[in-house]
Amino acid sequence: MKTYVILRRSGWSSAEDLQSAAARSTAEGERMTDEVSWVRSYVLQETPSGLGTACVYQASGPEAIRRHAAASDLPVDEIIEVVDTVIVRPDPASSVA
Amino acid sequence: MVELLEREAASAALFGALAEARQGSGGVVLVAGEAGIGKTSLVRSFIDHAAGIDRFLHGGCDPLETPRPLGPLIDAAQAIDRNLARRIAAGLPRAEAFAAALDLIDGVDGTTVFLLEDLHWADDATLDLFTFLSRRMEDRRALLVATFRSDEVDASHPLRIRLGDADVSLKGRLDLEPLTAPAVAALIGTRSSGTSALDPEHVHRATGGNPFFVSEMVAAAAGTADTQRGVPTTVRDAVIARASRLHESARDMLDVASVVPGAAPPWLLHAIAASTAASAEDGLSRCLQLGLLRERGDGTIEFRHELARHAIEESIGLARRRQLHAAALAAIRAIDVIPDHGRLAHHAAGADDGLAVTMHAPLAAADAVEIGAYREAAGFLRSALRYGHLIGPARRSEIVIEYGDVLTTLGEYEDAHDAYLRAVAEAQALGAAELQAKAYIASGRALWGLGRQPTYLDHLDRAEHLLGADPPLTPTLAQLQGARCREHMLAREHEAAEAHGRQAMDLATRLEDARLYAEVAIQSGISRCMAGDDNGLSRVRRGIDVAAEQGADTLIALGHSQIGSGYGELRRYDVAIPALRDGIAFGDARELTSYTLYLHAWLARCELEIGAWEAAADRVSALVANPRCLGNTRLVALVTLAWLRSRRGDPGVVELLDEALDLARRSQHVQRLWPVAACRAEHAWVHDRLEDELGVVEEAYSMAAGIGYRPAMEELSHWLTLAARDIDVESDAGRTPFALSADGRFAEAAEQWRERGCPYEEATAQLLTGDKARIRAAFRMFDDLGAGPLRIRAAERLRALGEPVPRGPNRATAGNPHQLTAREMDVLDQIPTGATNAEIANALGISERTVAHHVSRILSKMAVKTRAEAAVIADRSRSS
């Protein structure tokens, strides 16, 4: 499995929308444990309104990521491969999924 | 009933799987472990105790050097339908045999359990049957239980690859562990009536917790007063120790039984015993009584465990062993109506009866080839060649050529090539020119596999020379013409392919060789199609029909495959896609995996090109991950996946294309290199570095130009033109829209791409026109496809032209074609009812002014002027 950053821009109009999306994502992820593994996400404030996410996943390939997204009704704008992780400071306040 | 120790979890898993199967959710359970660990005991106990098994099918694999193809299926069928068993043994074609296996499973109103034992000894056809059934258990009230020795299934074992197949509905894999010391103690307690002098700790250490070994040790120690006796250190010693204390008649019978692998019918044991002066009847009942041999449900006799049989057989002196095998051979020959050539060859080898081996082994090989058990066929032929000195030289050369053919089918090209060269040398020594020619011609597929076309063309020239200036009408001559036709087809040299094809078909007709006729019809036919003449298609189909009459599965498969890949290359999806689907269905019914994988690769490529990207993604990513996807199949899959990723803007393109380039360069054929070059060019162009790939593009272009293959030349010219290279293209005489775009005629190219059904190429051509309306159309098409990079580029072009970029779908409104917001949809719903703004406002609880505002936005988004028009469109899309 490789690590990827997935950008999902302006995918949702509200936090509730995003929460149900997260639930769907988890449920679908359970069905594909050897193909995708959701690591973490940053929720983005989009302009003029709406929310997006930058997600970090481990996956067998970009096709698995897209398949998971289609099954969970999540958008995929860009998939970028991660070759190294550099942690300088711990993340600021976060909500655990 | 044997009480099992420490097998509760495994038993529970089996019972659980059975319960699910009874509910209609069937599957496969694998039971693995070292020899003697108790796999059979576990499964037998399960079968005996389970409720709700309405049909039990049982087939086992035997440790024959070359097993009988589909032996276990024959065994299983025997108990239900003797006629069917006989037909399979006589050589039922694969598709029917596999279908019959499914019928056996389905043939009862209830739940079926099919037990396949010792799969590590299975022949290729049985392994394919196992995979075939495994894929189909999911919605059946059936359970397939397969046992195998895990220590004999290493990474290179054919079973291992099949076990990795993701399609199988695996309910569980039970790896049986050795017994713990307390369990060993308990086993000793139950096996030895009364006290045993054996120290459980010692036994546990010596046997490693292997249940069979433990019980043999206990039996060996039993009945001896001598408690100081040395404990056997191996299973073999334990078995032999036990046997050594037997009455002579029992020992004789044990020896007799040991030379027959698997289970033997009593009559056979008696026959062997009689002709080797062993005292039979008495011996057999003693062995049964002592539990050294046991009787199966069908009356045959077997050792309690294969380990024991093996140990006994090994311990018999060589001369006596030969004698016993010879007796077995004679006895089976005398009785068997449908000879099991494999078994006869086995005994013949054991008897060192060379003549018998050379008689039966090649026949066994032929049977194996018919059913597609190629590894077994190779084994039989090797066996025959070991006694090659007893075979007449001409016949021997023929067998060597057959051996080469089988190795080629197995993909062992180096060894196959060696075999062919050996045949050539032997024929040369004999001065047999035609035989030599035959070997040279046969070497083709192996050399193709090794990617050494020039050598093969040289071989064909030599063959032609050997046949002489005015060759007589022989099959070899026909094969030569057929081979030339095929080579020219592969090189896309269509006129030459047609010329040789006609000759070959004529010769084949005169020789009444229907199979050769079929093969040449297919190859020459598709060659015509590739040259642009659809009339070739009817010739290919004729070839398939003739192949079907001959029951030649591999040729039928070849036909579908050539139509699918040939028309796929021509981007004629109307013909290609149905042919590929038909071929896949044909292959699935017969578990012809390497063939279906090739078709899946081409189908994925077609799906990519028609814009069905999700389907293509699913198909091709599974392929690239499949260890059996190799060679040309892998090449097609790699390029398809690379194209998909590149067009979507996804990572992981470069490594695929580098591997693909490497693979493509191994052959000398333009159709391997051309797609790789085109894909590399496209990817580079999207990232503004087309210059980097010009070398490869030019290389491919000159290969294509060398033989005048227009489809390749045109696509590559398109990239050369975009790189501002001067290239002469006869765009009016073009075979593909690439000719038009290479000449700068992008609008026309776009139109043709639309007709062909290639949305990405169409959109790209639109983008290249520079016209803002067309670029806007291109933007929408890229957006629909999910083609990130070119969508961005189209947006940039629009901005540069001062045009507004169509708003990307507001995701809250995604899924509706005019991208209305939720509130706008509410209003739209009200419009067909003829409601006024005031009435709508009332119904939705909003102000009239807001409604008017929404209506005006709706009309604008839908690009209509009146509410009536909006209503009509809404209605239409609602009912579609």
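Proteins get letters first, then strands, A, B, ... in listed order; numbering begins at 1 in each.
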| query | Would you say A/E46 has more than 12 foreign heavy atoms packed within less than 6.0 Å of its CD? | reply | yes
| query | Which pair of heavy atoms, one from A/P62 and one from B/P651, lies closest together, and at what distance? | reply | CG-O, 3.6 Å
| message | Once salt bridge (charged side-chain N to carboxylate O under 4.0 Å, His left out) is applied, do any residues pair with A/R40, and if so which ones, sequence neighbours excluded? | response | A/D91
| Side chains of B/D650 and A/E81: closer than 4.5 Å at any heavy-atom pair? |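 In short, these two side chains do not touch, never coming nearer than 4.5 Å.
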| said: Measuring only between side-chain heavy atoms, which start at C-beta, is A/R67 closer than 4.5 Å to B/D618? | reply: yes
| Contact leader toward chain B among A/I80, A/I65, A/I79, where contacts are heavy-atom pairs under 4.5 Å | A/I79
| query | Under 4.0 Å between a Lys/Arg side-chain N and an Asp/Glu carboxylate O for A/R66 and B/E614? | reply |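 No.
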| Pair A/K2 + B/E655: basic N to acidic O under 4.0 Å | yes
